[in-house]
Amino acid sequence: MTKLMIYGATGYTGRMAAEHAKTARTSLLLAGRNEATLSKLSAELGVEYRVFGLDDTAAIDAGLAGISALLNCAGPFMRTADALMLASIRDGVHYLDTAAELDSYRLAEALDDEAKAAGVMLMPGGGGSVAMLGSLAGHAVSRVNDARKIGIALHVAGGLSRGSAISAMENVTVETLARVDGELVAIAADGTRKFDFGKGPVDCFPVTLPDLITIWQATGVPDVETFVHVTGDGFPQGDLSALPDGPSEEDRLANRYQASIEVTGADGKVTRSILDTVNGYTFTAMAAAEAGRRVLGGEFRPGFQTPTGLFGSGFAQTIADTAIIDV
């Protein structure tokens, strides 16, 4: 059975990814914990489904039987990535997810040798900021002779989904990290840095993004700092479980994402580029579905991989109307 399983298919991002995968005619199977919601979506899309939780190893292995690739859309990923990555390695299934949580990437790093020995690929962040920022970084670094330092910022626009808000709250890190001389180190979180997303410089604050791992792995540039600029509703307050599933289609259409990068070469020269794309949730679902389709089609390498490292720095530009502009 050569199929892509989407686990967490009835969640906000999982449903959109399943719809895009179905449109692309990817051989698809839905999965998750809730039979009622799965059976409904299964009927809507005309695809099979399986029901299993993640607290029973035998149930997970049975659930993955015959599957070639798994796209995990069930966050918070601190609760799902460990069980599903380990099961993927045991069962010979290529693993992808949509995580924006650093721990998923550290786990994939730690499991790299084991995955290689099993011939299994681990690709956390098959969509989302990792695919966006990785493509932008790969493009910009290719313009620089001996790149030594990267500063990269993501412009997050519009509202957050319930899952993103809960994941962000549960994964608040005490330390703000950067990559310095190839190592992840704690840095001062105070202060801001200005980046231009195409309409003039704006203040961005330093944050710990998984791109500190993926950009370094894909480019080898030893110093990487990541920043965010937020517009729109900001971080929701109150009972996060009461939030709607996610931004409406109208909200997504009204709020595009951008990213801005500054790459410093050994000669001190700074090169700048900007990425402009659709709303982050739309991009994530489309990119994750496309990554799953390509892996299912034979594009994979065993071990921990990044979208840019595997598919090339042009990957983001194959998703919707995404453009990279040199400035």
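Since the model is a prediction, treat every value here as computed from it, not as a measurement. Start at 1 with the first residue, then count along the sequence.
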Under 6.0 Å from the CG atom of Asn145, do we count more than 12 heavy atoms belonging to anything else shown? no

Closer than 3.5 angstrom, by distance alone: can the side chain of Thr231 be matched with the main-chain N or O of Ala157 as a donor-acceptor pair? no

Considering all heavy atoms, the nearest Ala17-Ala289 contact: O-CB, 3.6 Å

Given the rule in the side-chain contact (heavy atoms from CB on, under 4.5 Å) test, do Ile319 and Glu290 qualify, once you have shown the distances and angles that lead to the verdict? CA-CA 8 Å; Ile319 307 303; Glu290 174 63 7; 4.0 Å; yes

Judged by modelled atom types alone, do Ser273 and Asp326 share a side-chain donor-acceptor pair under 3.5 Å? yes

Please identify which of these residues, Val224, Thr226, Ile150, meets the side chain to side chain contact (heavy atoms under 4.5 Å, CB included) condition with Asp211. Thr226

How many angstroms lie between atom OH of Tyr49 and atom CD of Glu35, to the nearest 0.5 angstrom? 4.0 Å

Nearest-0.5 Å distance, OG of residue Ser88 to CG of residue Leu70: 5.0 Å

Any Thr308 side-chain heavy atom under 4.5 Å of Val130 side chain: no

Here the pair of heavy atoms bringing Ser104 nearest to Ala99 is OG-CB, 3.7 Å

Quick one: does Asp203's side chain have a donor or acceptor within less than 3.5 Å of a partner on Thr192's backbone? no

Taking Asp196 first and then Lys194, would you say they form a salt bridge - that is, a charged N and a carboxylate O separated by under 4.0 Å? no

Under a single-linkage definition using a 4.5 Å side-chain heavy-atom cutoff for Ile, Leu, Val, Met, Phe, Trp and Tyr, are Ile274 and Val156 assigned to the same hydrophobic cluster? no

Rounded to the nearest 0.5 Å, what separation is found between the CE atom of Met5 and the CG atom of Leu64? 5.5 Å

Are Ile215 and Ile152 packed together at the side-chain level, in the sense that at least one heavy-atom pair is separated by less than 4.5 angstrom? yes

I would like to know whether Thr271 and Arg143 meet side-chain contact (heavy atoms from CB on, under 4.5 Å); could you show each step before the answer? CA-CA 8 Å; Thr271 298; Arg143 301 174 59 211; 3.0 Å; yes

Interatomic distance, CD1@Ile6 vs CG@Leu28, rounded to 0.5 Å, equals 5.0 Å

Answer yes if the ring centres of Tyr281 and Tyr12 are under 6.0 angstrom apart, and no otherwise. yes

What verdict does the ring pair (Phe, Tyr, Trp, His ring centres under 6.0 Å) test give for Tyr257 and His155, after you've listed the backbone C-alpha separation in whole Å, the side-chain angles of each residue and the deciding distance to 0.1 Å? CA-CA 6 Å; Tyr257 274 34; His155 175 204; 7.3 Å; no

With a 3.5 Å distance limit and no angle check, can you tell me whether Arg301 reaches the backbone of Gly309 through a side-chain donor-acceptor pair? yes

Heavy-atom distance under 4.5 Å between the side chains of Val278 and Arg256, does that happen here? yes

Any donor and acceptor pair, going by atom type alone, linking the side chain of Glu262 with main-chain N or O of Val270 inside 3.5 Å? no

Under 4.5 Å between side-chain heavy atoms, hopping through other hydrophobics if needed: is there a path connecting Ile187 to Leu177? no

Evaluate the side-chain proximity of Val207 to Thr176: yes if any heavy-atom separation is below 4.5 Å, no if none is. no

I'd like to know if the side chain of Thr26 and the backbone of Lys22 have a donor-acceptor N/O pair within less than 3.5 Å. no

Please tell me whether Trp216 and Ile261 are part of a single hydrophobic cluster in this structure, the criterion being side-chain heavy atoms less than 4.5 Å apart. no

Lys149 and Val263, any side-chain heavy atoms less than 4.5 Å apart: no

Decide, yes or no, whether a salt bridge links Arg179 with Asp223 under the criterion of side-chain N to carboxylate O below 4.0 Å. no

Please determine whether side-chain contact (heavy atoms from CB on, under 4.5 Å) holds for the pair Phe304 and Leu111, giving the CA-CA distance in whole Å, both sets of side-chain angles, and the decisive distance to 0.1 Å. CA-CA 8 Å; Phe304 174 33; Leu111 294 174; over 6 Å; no

Looking only at the side chains, is there a donor atom on one of Tyr105 and Asp103 sitting less than 3.5 Å from an acceptor on the other? no

Minimum-distance pair of heavy atoms, taken over all atoms of Val295 and Ala69: CG1-CB, 4.2 Å

Minimum side-chain heavy-atom gap Leu133-Leu154 below 4.5 Å: yes

Does the side chain of Leu136 reach to within under 4.5 Å of the side chain of Gln258, using non-hydrogen atoms? no

Lys/Arg N to Asp/Glu carboxylate O, Glu249 vs Arg252, below 4.0 Å: no

If you count heavy atoms of other groups shown closer than 6.0 angstrom to CD of Glu299, is the number above 12? yes

Evaluate side-chain contact (heavy atoms from CB on, under 4.5 Å) for Cys204 paired with Phe197, printing each intermediate quantity in order. CA-CA 11 Å; Cys204 302; Phe197 296 100; 3.7 Å; yes

Mind checking the CD-NE2 spacing from Gln317 to His139? Nearest 0.5 Å is all I need. 7.0 Å

What I'd like to find out is whether the side chain of Asn72 reaches to under 4.5 Å of the side chain of Thr98, using heavy atoms alone. no

Do you know the tightest heavy-atom contact between Ala188 and Pro206? O-CG, 4.4 Å

Ser27 (side chain) donor-acceptor with Lys3 (main chain) under 3.5 angstrom: no

Leu86 backbone acceptor or donor facing Tyr95 side chain under 3.5 Å: no

Between Thr322 and Thr277, do the side chains contain a donor N or O and an acceptor N or O under 3.5 Å apart? yes

Are Phe195 and Phe227, when compared by the centres of their aromatic rings, separated by less than 6.0 Å? yes

Closest heavy-atom contact between Ala115 and Pro302? O-CB, 4.4 Å

Would you compute the distance between atom CE of Met121 and atom CG of Asp112 and round it to the nearest 0.5 angstrom? 12.0 Å

Which heavy atom of Val141 sits nearest a heavy atom of Ala147, and at what distance? CG1-CB, 4.1 Å

Ile213 and Val180: same hydrophobic cluster, using ILVMFWY side-chain contacts below 4.5 Å? no

Hey, quick one: are Met132 and Val202 part of the same hydrophobic cluster, counting side-chain heavy atoms closer than 4.5 Å, chains of contacts allowed? no

